[in-house]
Amino acid sequence: MTERTSGPAETEALGARIALGLGAGDIVLVAGDLGAGKTTLIRGACRALGVTEPVTSPTFTIGQRYQAPTPISHLDLYRLGELGAEEPGLLDDYLTGGAIAFVEWPGALERGFTPPALEDVRVAARVELRHRGGDEREVTVT
Ligand code: ADP
Ligand code: MG
């Protein structure tokens, strides 16, 4: 599915729709350039899943967790290329069968930093956001 959004509220609403079908153990990979709206889309999804605390980019850590009926992990793997080799178990606390996980900059995951716990989890959706000028974004969900 590919859709256009014309502002952050529309991207949050799309995130909320993506969240509808998610359950524990589901991972959503969210790709796109800086400022494309990855965190914005994840914020909308998290709100729909019952997160009330602020949802912001985990810029200085690899991830954060939010309380919700099903706990949520929010990862940003921008730096994992450097960290992954040193810390093979780094993601185990985030990618677990008991949580729903959203992953910004998922490239490192696809490159093979596979956490041992991965049999409990599955990639439920892949989202890609693209700049289309101004506040326009193209969002593909597969
Ligand atoms: P990323 O996590 O991909 O770096 P963010 O979600 O943090 O991106 O930031 C996206 C920025 O772009 C925000 O400042 C947001 O207000 C702005 N923006 C403008 N139009 C849109 C849109 N259609 N969808 C999402 N964000 C948008
Ligand atoms: Mg972000």
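Numbering of ligands and ligand atoms starts at 1, following listing order.
Proximity of a side-chain donor or acceptor of Tyr94 to a complementary backbone N or O of Leu75 within less than 3.5 Å is not detected. In this structure a side-chain-to-backbone donor-acceptor pair under 3.5 Å is missing from Arg137 to Leu129. Of the possible donor and acceptor atoms, one in the side chain of Lys38 sits under 3.5 Å from a partner among the backbone N and O of Gly32. The closest donor-acceptor contact from the side chain of Gln67 to the backbone of Glu53 lies at 3.5 Å or more, if one exists at all.
In terms of protein heavy-atom proximity, atom 24 (N) of ligand 1 is closest to Thr11 OG1, 2.6 Å. Protein heavy atom in closest approach to atom 7 (O) of ligand 1: Thr39 CB, 3.6 Å. Among all non-hydrogen protein atoms, the one lying nearest atom 16 (O) of ligand 1 is Pro8 CG, 3.5 Å. Of all protein heavy atoms, the one lying nearest to atom 13 (C) of ligand 1 is Thr40 OG1, 4.3 Å. Looking at atom 23 (N) of ligand 1, its nearest protein heavy atom turns out to be Asp135 O, 2.7 Å. The protein heavy atom nearest to atom 12 (O) of ligand 1 is Arg137 NH2, 3.2 Å.
Inside a 4.0 Å radius of atom 4 (O) of ligand 1 there is at least one protein heavy atom.
No more than 12 heavy atoms of other residues, nucleotides or ligands shown are found within 6.0 angstrom of CG on Leu34.
For ligand 1, the atoms lying closer than 4.0 Å to a non-hydrogen atom of Glu104 are 2 (O).
Leu77 and Ile42 fall into different hydrophobic clusters, where Ile, Leu, Val, Met, Phe, Trp and Tyr are joined by side-chain heavy atoms under 4.5 Å apart, directly or via other members.
Of the candidates Gly37, Gly7, Ser57, Gly7 brings a heavy atom nearest to atom 22 (C) of ligand 1. Evaluated by nearest non-hydrogen atom to atom 11 (C) of ligand 1, the leading choice among Gly15, Gly35, Ala9 is Gly35.
Residues Asp26 and Arg122 share a closest heavy-atom pair of OD1-NH1, 2.7 Å.
The Mg ion (ligand 2) forms the vertex of an angle spanning OG of Ser57 and OE1 of Glu104; to the nearest 10 degrees it equals 100°.
Residue contacts with ligand 1: Asp33 is included, with a non-hydrogen atom under 4.0 Å away.
The distance criterion of under 3.5 Å between nitrogen or oxygen atoms is met by Ala36 with respect to ligand 1.
Exactly one residue among Pro71, Cys46, Pro69 makes a side chain to side chain contact (heavy atoms under 4.5 Å, CB included) with Val51. That residue is Cys46.
Ion pair Glu128/Arg126 not flagged as a salt bridge, since none of the NZ, NE, NH1 or NH2 atoms sits closer than 4.0 Å to an Asp/Glu carboxylate oxygen.
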